[in-house]
Structures are given as structure tokens and as C-alpha cells.
Amino acid sequence: INVANTADSAVDLTLYTANVGYRRHHGSANTGYMGTTLNANGLMVIALPSANATAAASGRYVYDVKITRTSDSTSFIIQDGILTILASTE
């Protein structure tokens, strides 16, 4: 995910923490979390650890990406969507 401000400049994401949770539907408790890497150039890399994918049942989940500014604890949901987890055939 590339994060920019309203002036279309990259946001220094090293000034934030990130939380990317997924769950069966809006309003339910998070089933798991995805790992994130935050860069100064506005780039956030999100990865679903294989252990989390293996532990989750196959199906569709909703997810949201929340960043929190460390200086004042202000949080922003910057993206949400649908995540599909398929059962491993191994």
C-alpha cells in the first residue's frame, strides 16, 4: 500500500504503528493479524504469516488497515477489503 497525504506526498510511516486485522464479518472479533513493514517513503508491505493462514478456516474474511500516529495516538483506517483464505492442499 502506498500512503500519501492530501498533497499527494508520501507519508513517513516510520512515525506510525500499524494493525491489520481480519475477521469473518464487520462487527465480529478479529480472527488474526497480518504482519506489516512500514517505510519512510510511504510504502506499507502487508503479509499474512503462513501460521495464521493455516490456523484460519477457508473462506472470505474482511480486513482493515489501521495506522496510529505515535506522537499523539491518533488512528486512521486507511484501507479495508475482502481477504480470501484457501485451505492448503499440502
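All values derive from a computational prediction rather than experimental measurement.
Within the 4.5 Å cutoff, the side chain of V20 has no heavy atoms near those of the Q79 side chain. Side-chain contact check for N19 versus T17: every heavy-atom pair is 4.5 Å or farther apart. Using a 4.5 Å cut-off on side-chain heavy atoms (C-beta onward), D80 and V62 make no contact.
Note that CG of D8 and CG of N2 are 10.0 Å apart. Values are rounded to the nearest 0.5 Å.
A side-chain contact (heavy atoms from CB on, under 4.5 Å) with L13 is found for one member of N39, V3, I1 and no other, namely V3.
Smallest separation of non-hydrogen atoms from T31 and R24: OG1-N, 4.0 Å. P49 and G35 make their closest contact through CD-N, 4.1 Å (heavy atoms, listed as atom of the first residue, atom of the second, distance). Summarising the geometry of M44 relative to A18, their closest heavy-atom pair is CE-CB, 4.1 Å, with the distance given to 0.1 Å. S75 and K66 make their closest contact through CB-CD, 3.9 Å (heavy atoms, listed as atom of the first residue, atom of the second, distance). Across L38 and Y16, no two heavy atoms sit closer than the pair CD1-O, 3.3 Å.
Y33 and I67 end up in different hydrophobic clusters when Ile, Leu, Val, Met, Phe, Trp and Tyr side chains are linked at under 4.5 Å. Each of L43 and I46 belongs to its own hydrophobic cluster when Ile, Leu, Val, Met, Phe, Trp and Tyr are linked at side-chain heavy-atom distances under 4.5 angstrom.
Under the 3.5 Å distance criterion, the side-chain polar atoms of T68 are left unmatched by any main-chain donor or acceptor of S73.
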Between I85 and L48, is a side-chain contact (heavy atoms from CB on, under 4.5 Å) present by the stated rule, with each step listed?
CA-CA 10 Å; I85 296 178; L48 178 61; 4.1 Å; yes
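Sorted by first and then second residue, the pairs that involve residues 41-67 and meet ring-ring contact (aromatic ring centres under 6.0 Å, His included), not counting sequence neighbours, are Y22-Y61.
Within a 6.0 Å sphere centred on CZ of R60, heavy atoms belonging to other residues, nucleotides or ligands number 12 at most.
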